[in-house]
Amino acid sequence: MTVTARELGLAPCHACGRVSKLDADAHDAHCQRCGAPLHFRKPDSLARSWALLAAAAALYFPANLLPIMYTSQLFKNREDTIMSGVIALWQAGSWDLSLIVFIASMVVPALKIIVLAVLLFTTQRGSDWRLPERARLYRMIENIGHWSMLDIFVVVLLVSLVQLKFYGEVQAGAGAVAFGLVVILTMLASMSFDPRLMWDSQTRHNSGS
Amino acid sequence: MDHTLIVCEECDAVHRRAALPRNARAHCERCGAELYSNRRGSLDALLALTLTGLILFIMANAYPLVSIELGGERSDTTLVGAVLHTSSSGMLPLAVMAGASLFLLPFLQIVIGLYVLTPLRFGYRPAYFIPAMHALRLLRPWCMVEVFLLGALVAIVKLAGMAKIEPNVGLWAFGALSLVLTALSALDLHEIWDLGTDMDTNDTSRAAAGTRA
């Protein structure tokens, strides 16, 4: 049976990794090596994570409904949302890029929000359902989150390149800002989540409490 | 306090450090997270990589990324130019997000990395080691140069239909830079902490003895 650090009265520093002794009722402990605050668990992890996730989920709608880009080309003007941009790429024959943008800009953020919600919910309920799988899910969303910034960078490049007086210009839309915020907020939400809380349920179940 | 103990940051399980063969990684017994590895490479290699990163960063920003030509009109842009343009065309939040994740933060990561690694290579610890290490840890998740490359690819393809578009030196430099940054971010900061803790600030006797970690 694996021992947890908390059971031994030890806490690893989240900043530098140094393992220190920590009293259960200590409130203001700091890592001796690097000065970062020492905790057994990230304080208010679930509350902060939920709050950031809720904000991200709320912004997900304007991010997808509002245009991210306005293009004016000769006499043709168009507005593009993320989805219409994906479709446009597909219709132009770049089905591979269309798929990449679809996955990065629509699937990944939605997946991140859903997975984080599942992780938070199961952790809050103290369930020890499928812990190794949940651990892998957590690692996965931590790694892919930032790829959703893809469309933001595409917009920034197009806006600055297509400024041709006769032929057209591209302007950014509010949807892009909302989308960038969704990415940032979901990244912050998963950073606030302390995955050790998930495993604490297993420790509790095993000690029969 | 047993300093050979290591605690899994994802599930709190306690393990004892063991010597690893070259390039091996140790994973947590309980949850599979990576605990530590023996992939660091010499400080020389790390320093060389960081310096390369600096040169690539300068090139990536000094030269245009792509050039576009349509009906005799030519336009090209560097990254900074693109960010400034986005901010002046009214989308300041977008410009800040792109400017930070693609210019400012990667730059800080490289420069602070040099600030930390150079003295360590010569056997002593820099004066502001602790804040510098905290900064490196915080900067990491927010540098998104690889995503930018994919974004540039998408932008090029989108424009290829309507204009003559050509990738430029800046873009290639960014490509190489993203490889360097990826390699540097695989570096376990905890190991640098351990290294730095063992060294004194400005210990000239150590440097003279040619200590290399």
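Chain letters run A, B, ... following the sequence lines, proteins first, then strands; residues in each count from 1.
- Contacts of Ala95(B) with chain A are absent, with no heavy-atom separation under 4.5 Å from either backbone or side chain.
- The shortest side-chain heavy-atom distance between Val101(A) and Lys158(B) does not fall under the 4.5 Å cut-off.
- With Val147(B) as the partner, the side chain to side chain contact (heavy atoms under 4.5 Å, CB included) test is satisfied by one option alone out of Val183(A), Asp151(A), Ile152(A), Leu150(A): Leu150(A).
- Neither the backbone nor the side chain of Arg136(A) comes within less than 4.5 Å of any heavy atom of chain B.
- When the shell of 6.0 Å around CD of Gln32(A) is examined, it contains 12 or fewer heavy atoms from other residues, nucleotides or ligands.
- A 4.5 Å side-chain heavy-atom check between Leu150(B) and Phe153(A) finds every atom pair outside the cut-off.
- By the 4.5 Å heavy-atom criterion applied to side chains, Arg137(B) and His14(A) are counted as neighbours.
- Per-residue counts of heavy-atom pairs under 4.5 Å with chain A were compared for Leu94(B), Ile130(B), Thr77(B); the largest is that of Leu94(B).
- Enclosure of atom CZ in Arg41(A) by more than 12 non-hydrogen atoms of other residues, nucleotides or ligands within 6.0 angstrom is indicated.
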### Task
Give the intermediate values and the outcome of side-chain contact (heavy atoms from CB on, under 4.5 Å) for residues Met97(B) and Val177(A).
CA-CA 9 Å; Met97(B) 287 185 226; Val177(A) 179; 4.2 Å; yes

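- For a residue to count as touching a neighbouring chain, one of its non-hydrogen atoms must lie under 4.5 Å from one of that chain's; by this rule Pro141(B) touches chain A with backbone and side chain alike.
- Within the 4.5 Å cutoff, the side chain of Ser89(B) has heavy atoms near those of the Val159(A) side chain.
- Here Leu159(B) is the residue among Leu189(B), Leu159(B), Ile192(B), Leu65(B) with the most heavy-atom pairs under 4.5 Å with chain A.
- The two residues Arg6(A) and Asp12(B) have their closest heavy-atom pair at N-OD2, 3.1 Å.
- Enclosure of atom OH in Tyr115(B) by more than 12 non-hydrogen atoms of other residues, nucleotides or ligands within 6.0 angstrom is indicated.
- Each of Met149(A), Arg134(A), Met198(A) has some count of heavy-atom pairs under 4.5 Å with chain B, and the biggest count is that of Met149(A).
- Closest approach of Gly17(A) and His190(B) over heavy atoms only: N-CE1, 3.5 Å.
- Glu146(B) is listed as a side-chain neighbour of Trp147(A), based on a closest heavy-atom distance under 4.5 Å.
- Counting heavy-atom pairs closer than 4.5 Å to chain B, the top-ranked of the candidates Cys16(A), Pro12(A), Cys13(A) is Cys16(A).
- Nearest heavy-atom pair, Thr86(B) versus Val156(A), reported as atom, atom and distance to 0.1 Å: OG1-CG1, 3.4 Å.
- Residue Phe179(A): no heavy atom, backbone or side chain, is found under 4.5 Å from chain B.
- Here the shortest heavy-atom pairing between His134(B) and Ala36(A) reads CE1-CB, 4.0 Å.
- Of all heavy-atom pairs between Glu10(B) and Trp199(A), the closest is O-CD1, 3.4 Å.
- Heavy atoms of Ala92(A) lying under 4.5 Å from chain B are absent altogether.
- Salt bridge absent: Asp194(B) and Arg18(A) never bring a charged side-chain N and a carboxylate O closer than 4.0 Å.
- A distance of 9.0 Å separates OG of Ser94(A) from CG of Leu153(B), quoted to the nearest 0.5 Å.
- Between Ser160(A) and Ser75(B) the shortest heavy-atom distance is O-OG, 4.2 Å.
- Residues Gln202(A) and Arg30(B) form a side-chain contact, since some pair of their non-hydrogen atoms from C-beta on lies under 4.5 Å apart.
- For the pair Cys31(B)/Arg139(A), a side-chain contact is recorded, criterion being any heavy-atom separation below 4.5 Å from C-beta on.
- Salt bridge status for Arg196(A) with Glu9(B): absent, with no side-chain N to carboxylate O gap under 4.0 Å.
- Contacts between Ser67(B) and chain A at a heavy-atom distance below 4.5 Å are absent for every atom of the residue.
- Rounding to the nearest 0.5 Å places SG of Cys34(A) at 10.0 Å from CZ of Phe129(B).
- Contact of the Trp142(B) side chain with the Ile184(A) side chain is registered, since non-hydrogen atoms from C-beta on lie closer than 4.5 Å.
- Considering only heavy-atom pairs separated by less than 4.5 Å from chain B, the leading option among Ile100(A), Leu157(A), Asp194(A) is Leu157(A).
- Comparing Met144(B), Met133(B), Glu29(B) by heavy-atom pairs within less than 4.5 Å of chain A, the highest count is held by Met144(B).
- The greatest number of non-hydrogen atom pairs below 4.5 Å with chain A, out of Cys8(B), Ala98(B), Cys11(B), is found for Cys11(B).
- Residue Phe107(B) places its CZ atom among 12 or fewer non-hydrogen atoms of other residues, nucleotides or ligands, all under 6.0 Å distant.
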